[in-house]
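Since the structure comes first, as structure tokens, the remarks are kept for the end.
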Amino acid sequence: MALKWHKLMIGEFEIQPGEHRKIDLPVAKLYTDADVSLPVHIIRAKKPGPTIFISAAVHGDELNGIEIIRRLINQKKLKITKGTVIAVPMVNVYGVVNQSRYMPDRRDLNRCFPGSAKGSLAGRVAHIFLNEIVKHCDYGIDLHTGAIHRSNLPQIRADMSDSETRNLAEVFGVPVILNSNLVDGSLRESAVKNQTKILLYEAGEALRFDEFSIRAGMKGILNVLQHLGMTRKASASRKKKVAPFIANGSQWVRANASGIVHNIVNLGDQITKGQVLAEIGSPYGEIIDLVKATRSGILIGKQNIPLVQEGEAMFHVAYFSENDEDIAGHIETVQEQLEQEQLVQEQVLPTTSDQQ
């Protein structure tokens with residue numbers, strides 16, 4: 001599906017092989033007559049190869065992905081030797097400006113694909129992104145976080161029935177993969193129809209930076225680029241390789257009462273059926289109800305706000321056929337590796353006083 005290597009047109013811009021360029025792709029005007037554009041960062045190698053997009057902030061309040069892309073394109077060691085990387089740190093610019101998940105017309109952009117050139121504002125943005133970015137690409141990685149007041153354990157969501165997508169999901173390197181069906185109107189659905197293999201990375205919470213999630217996302221993207229032959233192979237590592245576990249399904253555990261929450265478990269914890277996950281109490285100190293797991297698994301998402309209404313989703317538990325204890329251990333291994341890598345980087349980089 002890759003286009004002829006001598007020509008890459010995005011909007012009115014032509015990007016040549018070997019070129020490293022930032023463009024502003026016009027979207028629409030505000031009612032103040034100010035222009036709004038998608039920031040697009042393109043890195044093209046001189047040699048032909050795959051084209052991959054990396055996108056963030058399809059939901060405007062999901063900021064981790066913006067930071068992942070910012071760090072990625074500013075890494076001196078990122079040398080693309082084959083192919084093209086198209087990085088879009090803010091797809092929903094309107095939402096980022098307003099710190100909102102949605103577009104100004106209150107639509108969820110990730111339910112408006114493939115969009116239309118003459119549709120709603122959200123539909124027009126979806127149409128532009130799909131036709132000017134995604135249709136050039138063989139692969140894609142879409143970066144997300146949990147919703148407001150909800151955190152997600154770093155995880156990949158993908159259609160595991162496709163062998164190449166499954167391989168990319170495993171290469172990414174997070175310990176949990178959720179086999180996820182395509183959602184109508186989503187970017188992932190439209191990308192698949194375009195024959196673009198796509199991964200969805202979920203980690204952290206809306207409107208917050210989470211360092212572990214950011215580092216895991218960066219490392220995962222670099223793993224995929226190396227796997228696709230777009231960067232030079234890194235020297236062989238002696239570190240223990242973490243084989244991901246694929247969740248067969250997941251379910252939210254909901255509150256049976258309204259009140260003040262005292263959480264007992266954390267993201268990544270092993271959960272057993274019947275285990276108490278949280279206590280719900282009254283303002284006067286009495287325990288009103290206990291929130292219990294309905295099945296065994298691993299906690300991959302949770303609500304953070306310590307107030308809950310009856311029926312509200314509180315804990316997202318993924319279920320596996322493998323031993324859950326092994327999975328919990330793998331999650332700890334990944335976190336330890338990332339912490340060690342960060343420590344090494346801090347020791348290598350000069351301090352401010354050293355630079356003076």
Side-chain angles (χ1 to χ4, degrees), residues 1-4 7-13 15 23-30 35-42 50-62 65-66 69 84-96 100-145 147 156-162 164-165 168-169 178-202:
M1 192 196 75
L3 301 179
K4 289 184 178 179
K7 185 177 181 180
L8 174 61
M9 293 292 299
I10 299 179
E12 298 179 352
F13 304 94
I15 300 94
I23 66 173
D24 294 311
L25 186 63
V27 176
K29 285 182 179 288
L30 297 174
D35 291 319
V36 175
S37 303
L38 295 185
V40 184
H41 202 104
I42 305 107
T51 299
I52 184 171
F53 76 83
I54 305 165
S55 58
V58 168
H59 295 131
D61 60 354
E62 298 182 355
I66 299 174
I69 292 176
T84 300
V85 173
I86 304 175
V88 187
M90 301 179 194
V91 180
N92 181 0
V93 177
Y94 300 92
V96 175
S100 169
R101 178 182 180 88
Y102 302 105
M103 297 288 292
D105 56 8
R106 295 301 299 166
R107 286 180 168 86
D108 183 337
L109 180 57
N110 208 27
R111 297 295 180 270
C112 293
F113 286 88
S116 167
K118 296 183 179 180
S120 66
L121 178 58
R124 294 179 188 215
V125 172
H127 175 80
I128 289 170
F129 186 74
L130 183 64
N131 286 277
E132 298 294 348
I133 305 297
V134 177
K135 286 195 174 178
H136 292 294
C137 297
D138 307 291
Y139 304 97
I141 301 175
D142 190 28
L143 307 173
H144 287 261
T145 75
I156 285 291
R157 299 183 182 181
D159 177 12
M160 301 301 282
S161 65
D162 179 81
E164 188 175 9
T165 302
L168 291 174
L178 190 59
N179 186 18
S180 178
N181 295 327
L182 299 174
V183 178
D184 291 344
S186 66
L187 167 58
R188 198 157 63 97
E189 181 194 47
S190 288
V192 169
K193 287 180 178 178
N194 185 62
Q195 298 184 332
T196 301
K197 310 293 183 181
I198 184 168
L199 304 179
L200 192 152
Y201 176 64
E202 282 271 4

Sequence neighbours excluded, which residues qualify as ring-ring contact (aromatic ring centres under 6.0 Å, His included) partners of Phe113? none

Inter-residue atom distance Glu62.CD - Met90.CE, 0.5 Å rounding: 13.5 Å

Residue Asp35 excluded, over 12 heavy atoms near CG under 6.0 Å: yes

Flag side-chain contact, heavy atom, 4.5 Å: Cys137 against Thr51: yes

Value for CG (Asn92) from OG (Ser100), rounded to nearest 0.5 Å, stands at 7.5 Å

Please report the shortest heavy-atom distance between Pro89 and Ile66, naming the atom on each side. O-CG1, 3.1 Å

List the steps and the verdict of side-chain hydrogen bond (donor to acceptor under 3.5 Å, both in side chains) for Ser186 and Asn110. CA-CA 5 Å; Ser186 66; Asn110 208 27; 5.2 Å; no

After noting the C-alpha distance and the side-chain angles of Leu8 and Ile42, does the key distance pass the side-chain contact (heavy atoms from CB on, under 4.5 Å) rule? CA-CA 10 Å; Leu8 174 61; Ile42 305 107; 4.2 Å; yes

Atom of Met103, atom of Tyr94 and distance for their closest heavy-atom approach: CE-CD1, 3.6 Å

Is there a side-chain contact between Val183 and Arg111 in this structure, where contact means two heavy atoms from C-beta onward sitting under 4.5 Å apart? yes

Ile86 vs Ile10 side-chain heavy atoms within contact, under 4.5 Å: yes

Any heavy-atom pair between the side chains of Glu132 and Phe13 that's under 4.5 Å? no

Nearest 0.5 Å please: distance from the CD1 atom of Ile133 over to the OG1 atom of Thr196. 11.5 Å

Residues in ring-ring contact (aromatic ring centres under 6.0 Å, His included) contact with His127, at least two apart in sequence or another chain: none

Any side-chain heavy atom of Ser55 sitting closer than 4.5 Å to one from Leu187? yes

Distance in Å, Leu182 CG paired with Arg188 CZ, rounded so as to fall on 0.5 Å steps: 5.0 Å

Taking the side chain as every heavy atom from C-beta outward, state whether Val27 and Arg124 have any atom pair closer than 4.5 Å. no

For the residue pair Val93 and Pro39, what are the closest heavy atoms and their distance? CG2-CD, 4.0 Å

For Tyr139 and Glu164 the tightest heavy-atom approach is OH-OE2, 2.5 Å

To the nearest 0.5 Å, how far apart are CZ in Arg106 and OG in Ser120? 13.5 Å

Taking all non-hydrogen atoms of both residues into account, name the closest pair between Ala158 and Leu199 and its distance. CB-CD2, 4.0 Å

In Å, rounded to the nearest 0.5 Å, how long is the span from CG of Asp138 to CD1 of Ile198? 13.0 Å

Answer yes or no: does atom NZ of Lys118 have more than 12 heavy-atom neighbours from other residues, nucleotides or ligands under 6.0 Å? no

On a heavy-atom basis, the closest approach of Ile128 and Pro26 is CD1-O, 3.9 Å

Determine whether a donor-acceptor pair (N or O, by modelled atom type, separation under 3.5 Å) exists between the side chain of Asp105 and the backbone of Ala122. yes

